[in-house]
Amino acid sequence: MTTTLDTPGTAGPLPAADTGWLGVWPASARPAADGDVSVAGVSLAEAADRFGTPLYLLDEEEVRGRCRAYRAAFPGADVLYAAKAFISRAMVRWIEEEGLGLDVCSAGELLLAFAAGFPAERIVLHGNAKSPEDLRTAVRLGVGRIVVDSASEIARIAAIVPAGSRQRVLVRVVPGIAAGGHAKVRTGTDDQKFGLSLTDGSAQHAIGRILGQPALELMGVHCHIGSQITSVKPYVAAVRRMVGLLARVHEQHGVELPELDLGGGHGIAYRPGEPELDVPALAARVRAELAEGCARAGLAVPRLTVEPGRAVVGPAGVALYRVLAVKRTGERVFVAVDGGMSDNPRPALYGVRYAPRLIGRTCAAEQAEVTVVGRHCEAGDVLAESVSLPSDVRPGDLLAVPAAGAYHLSMASGYNLVGRPPVVAVRDGAARTLVRRESLEDMSRRDVGL
Ligand code: LLP
């Protein structure tokens, strides 16, 4: 998916100056002559003053546009947004209005979506270790599909389905394909905790057992090979293996399963020049492979589902921090900001690199290489290693980090009790709070013992 620089109704023409950095910003981002940047017509410097920092801005139109682009790329398929990337009531509403389904992986995500009015039949529940509460809530609310991730789950789900009804399920299969931006997010091979193996026969075995279970209706198979994948190839390979499985199920059991869920994992660029997954190309290649494979195996083409999370919301988010200190030590310059690993654990967890930008003032100073660090009490609290910022960067300056919409706040922690930042939606020149800042009072309320 590409961002276009001429989104109607958002802003005027771009200045001729260097604008390559805008490639990883929301399409509505516009630099101003005074060094400020606006997103969806909202000045970031003003937003920082009004809402405080650290602050997460979410461009509503960017999210909606990405949903629409997915639906256009995958006509006739189901597109589920993976709520783990970021969930809030407004986000759930946007996803619903844009016609996507939802992938959740806990009773918490499910209940939030349900409370926001999301239709349960468009929700799929995942999880390698679903709690009794997860399963009970899913069955009670009537989710569309539960994805069976281990053999023991088959009887557990069957046991709670009300008499006379059937719960629709998918089986999560490990197709034996290595893909993904980091070892911690590779889920397509047997050496990790998710799914049932194709190689050792556990997937086939589980399918047989589900087919013999009257309380369950097996709708199809699912795989999620990894995350932050920027090439179409591993998906095509996954389709081939999954069609092979569908063919074996047909031979063995005489049933043609009607659905194939290919999971998510679609990669985005965090820094200018980085690759991102070409979603229309993915759709075309997957569709072609599916049609050919099914024709060869004499199967009807199953209904396809994809589950993007990051690629829907990641590029729509911008994090704003205020510089608190600048320290020059030997060879290095540390620029310390008022957030860090409690609002964005991704650099520490996966070594991800970001492209922060100084905004809110003009600077004639030359660029210098710096390390942007957080405010937390450990040396590994680095937000952006070896980045270029004006050499006169100083306390009070604002830093904006693009591509901050996915897996930041959803993975945020209470470390050092600094409180999680608010989320503010921007659209048509207006800003509104979606999730307020976590206060000390919020945190103290849970501390009930003395
Ligand atoms: N479907 C399933 C079953 C998943 O497990 C995931 C992500 C997705 C869909 C959505 O994947 P996406 O399109 O967002 O890549 N915290 C890591 C990413 C973990 C992804 C976990 N599962 C990160 O910050 O990179």
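Since the structure is predicted, the reported quantities are computational estimates derived from the model, not experimental observations. Note that ligands are numbered from 1 as they come in the structure, with each ligand's atoms numbered from 1 the same way.
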Checklist entry - Just distances here: any N/O of G263 and N/O of ligand 1 closer than 3.5 Å? => result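 No; the residue has no nitrogen or oxygen that sits under 3.5 Å from a nitrogen or oxygen of the ligand.
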
Checklist entry - Got an N/O contact under 3.5 Å between Y350 and ligand 1? => result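 Yes - when backbone and side-chain N and O of Y350 are compared with those of ligand 1, one distance drops under 3.5 Å.
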
Do me a favour and list the nearest non-hydrogen protein atom to [atom] with residue, atom name and distance?
{"atom": "atom 14 (O) of ligand 1", "answer": "Y407 OH, 2.6 Å"}
{"atom": "atom 21 (C) of ligand 1", "answer": "K84 CD, 4.0 Å"}
{"atom": "atom 15 (O) of ligand 1", "answer": "S227 OG, 2.3 Å"}
{"atom": "atom 12 (P) of ligand 1", "answer": "G265 N, 3.4 Å"}
{"atom": "atom 19 (C) of ligand 1", "answer": "V185 CG1, 3.9 Å"}
{"atom": "atom 24 (O) of ligand 1", "answer": "R346 NE, 2.5 Å"}

Which ligand 1 atoms does [X] reach within 4.0 Å, using its non-hydrogen atoms?
{"X": "R172", "answer": "3 (C)"}
{"X": "R310", "answer": "12 (P), 13 (O), 14 (O), 15 (O), 18 (C), 23 (C), 25 (O)"}
{"X": "D103", "answer": "1 (N), 2 (C), 9 (C)"}
{"X": "A82", "answer": "8 (C), 9 (C), 10 (C)"}
{"X": "H266", "answer": "13 (O)"}

Using a 4.0 Å heavy-atom threshold (strictly under), name the region of [X] that reaches ligand 1: side chain, backbone, both or neither.
{"X": "E307", "result": "both"}
{"X": "V147", "result": "neither"}
{"X": "P308", "result": "backbone"}
{"X": "K184", "result": "neither"}
{"X": "H224", "result": "side chain"}
{"X": "M411", "result": "side chain"}

Side-chain heavy atoms of [X] within contact of [Y], under 4.5 Å:
{"X": "V124", "Y": "V143", "value": "no"}
{"X": "E369", "Y": "V333", "value": "no"}
{"X": "M219", "Y": "P258", "value": "yes"}
{"X": "S28", "Y": "E61", "value": "no"}

Next on the checklist: Would you call the rings of H222 and H224 parallel, tilted or perpendicular, taking 30° and 60° as the class edges?
Outcome noted: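 The arrangement is parallel - the two ring planes meet at less than 30°.
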
Next on the checklist: Which label fits H408 and Y56: parallel for a plane angle under 30°, tilted from 30 to 60°, or perpendicular past 60°?
Outcome noted: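 Geometry flag for Y56 against H408: perpendicular rings.
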
Checklist entry - Looking at CZ of R89 and CH2 of W94, how far apart are the two atoms once the value is rounded to the nearest 0.5 Å? => result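 Between atom CZ of R89 and atom CH2 of W94 there are 13.0 Å.
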
Item to check | Nearest-0.5 Å distance that lies between atom CD in Q204 and atom CG in L198 | outcome: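 It comes to 5.0 Å.
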
Item to check | Electrostatic pair E98:R68 at N-O distance under 4.0 angstrom | outcome: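 Counted as a salt bridge, because a side-chain N and a carboxylate O are separated by less than 4.0 Å.
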
Item to check | Criterion side chain to side chain contact (heavy atoms under 4.5 Å, CB included) against L44, the qualifying member of L398, L55, V318 | outcome: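 Single side chain to side chain contact (heavy atoms under 4.5 Å, CB included) partner of L44 among L398, L55, V318: V318.
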
Item to check | Which atom of D134 lies closest to which atom of A107, heavy atoms considered | outcome: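 Looking at all heavy atoms of both residues, the shortest contact is OD1-N, 2.8 Å.
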
